[in-house]
Amino acid sequence: MSYRELRNFTEIMRALGYPRLISMENFRTPNFELVADVLYWMVKLYDPDTTISDRVEFENERVDFLTGIASLLASKARLKLNTKKLYASDGRAVQELLKLATLLHKATRSAQPRHRQQSTNAEDDTPPPQIKMQDVKDARKLASELTQSGARLYDLLEAELSERGERSKALRFLDVAAAAPEGSKDQQAVERKVRDLIDNTRQAVEDAKKEAEELEADQRTLAAKITKRSEELERTEKRLKSLESVKPQFLEEAEKLEKELQRYYEVYVERQRNLSYLEGELDRFRMAEEEAAKETEARLKKMRERLLKEEVELMRGGAEGRALAAGSEAGGGVFGNKNATNGRVSGGIASRGGRGGRSEDEDDADRRGNRRGNGGSGEKELSNLKLDGDAAEDIQY
């Protein structure tokens, strides 16, 4: 008997509806009562009209029971069973039981489509049942579960290539362990591995319990802190409400001072604005004065240049007069009036001496003033323009 055969047999019996629960541990030791009960139930399922005695208390009754079933199945189902293996009632009997169970399972599966077709034909004449909202919700839920199951199945089938070898190895090991006698090395290794897993699981459970206890302690601590902070928050809120209801001591004086400060600030802003405006006007006035001074300086410069030119022309005219007087004195014999000329010159000198002994330069200046017609007009203009003393002396010179 292999592990796969035993698993398939238990699944088929569960699908056929066998009332008792069959596990893989039932066939590790001989169990004739279970084998006889399974055989009797399957034969009755195959042919309900069959009359077979189910008494298996003694050896001869067991032999009659097995031979009767074997002959019945050989004649009706053309199925040959090994009665020796069935009498052993251990893992080897599962191979013979699996033959009949497989036959019944195939017959059941082939009969289900016909039954469904007949029920469908019978339901065609009846009106369709009313659809309820709960059925619609259940159908939607099943559809979503079907989609999730399909996705999970796809992932599992995708991992089948990598896990097939490990599964085959595990099945071979289980087959060998099942066929091995009790107390062999393989069974001891499996038991030792199972014990190790149990110990690890027990240790993990203990660790989880410790963590749960620590978490509960932390939870209690946090709950106490939360309660304490909540009480502090309530006290703080009450204090805040009491402070909001009480009017401050110097609030009226502070409001009065704020109003005065606002008024002083407005005055300050107005004065700053006026000061900025006056500073701008002062700058413009200074610029206008500087421009006027520059224009006055230019006018004075032009006037000095003009007066200097006139002075130079007057000096040139005096030099020409003296040259003419000298020439007339040198030519006195020609005109025959030398004495008269000397008399005029001497008279002129005497007249100059009578005016206070003026020099020839002063006489020349008087003559230049007479030629100009009004020798003091330049000095009046200079005085009107308020020239400084040095500039006036330069112009006169």
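- Within the 4.5 Å cutoff, the side chain of Leu72 has no heavy atoms near those of the Tyr46 side chain.
- Contact between Val43 and Ile69 at its shortest, heavy atoms only, is CG2-CG2, 3.8 Å.
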For Arg286 and Glu290, what are the C-alpha separation, side-chain angles and deciding distance, and is it a salt bridge (charged side-chain N to carboxylate O under 4.0 Å, His left out)?
-> CA-CA 6 Å; Arg286 287 177 180 175; Glu290 290 178 359; over 6 Å; no
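- Summarising the geometry of Thr67 relative to Asp64, their closest heavy-atom pair is OG1-O, 3.0 Å, with the distance given to 0.1 Å.
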* Intermediate values then yes/no, salt bridge (charged side-chain N to carboxylate O under 4.0 Å, His left out), Arg202 and Asp199 -> CA-CA 5 Å; Arg202 188 179 292 108; Asp199 295 337; 3.1 Å; yes
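- The local environment of NZ in Lys256 is sparse, with at most 12 non-hydrogen atoms from other residues, nucleotides or ligands closer than 6.0 Å.
- A salt bridge between Lys169 and Glu163 is absent, with no side-chain N of the basic residue lying under 4.0 Å from a carboxylate O of the acidic one.
- Under the 3.5 Å distance criterion, the side-chain polar atoms of Lys80 are left unmatched by any main-chain donor or acceptor of Ala74.
- Around atom CD of Glu145, more than 12 heavy atoms belonging to other residues, nucleotides or ligands sit under 6.0 Å away.
- Closest non-hydrogen pair, Ala70 versus Thr83, comes out as CB-CG2, 3.8 Å.
- Panel note: side chain Asp37, backbone Glu33; no donor-acceptor pair is recorded below 3.5 Å.
- Contact annotation: the side chain of Met13 never approaches that of Leu97 to less than 4.5 Å [non-hydrogen atoms, C-beta and beyond].
- Residue Arg235 is tested with Glu231, Arg239, Glu237 for a side-chain contact (heavy atoms from CB on, under 4.5 Å); the sole match is Glu231.
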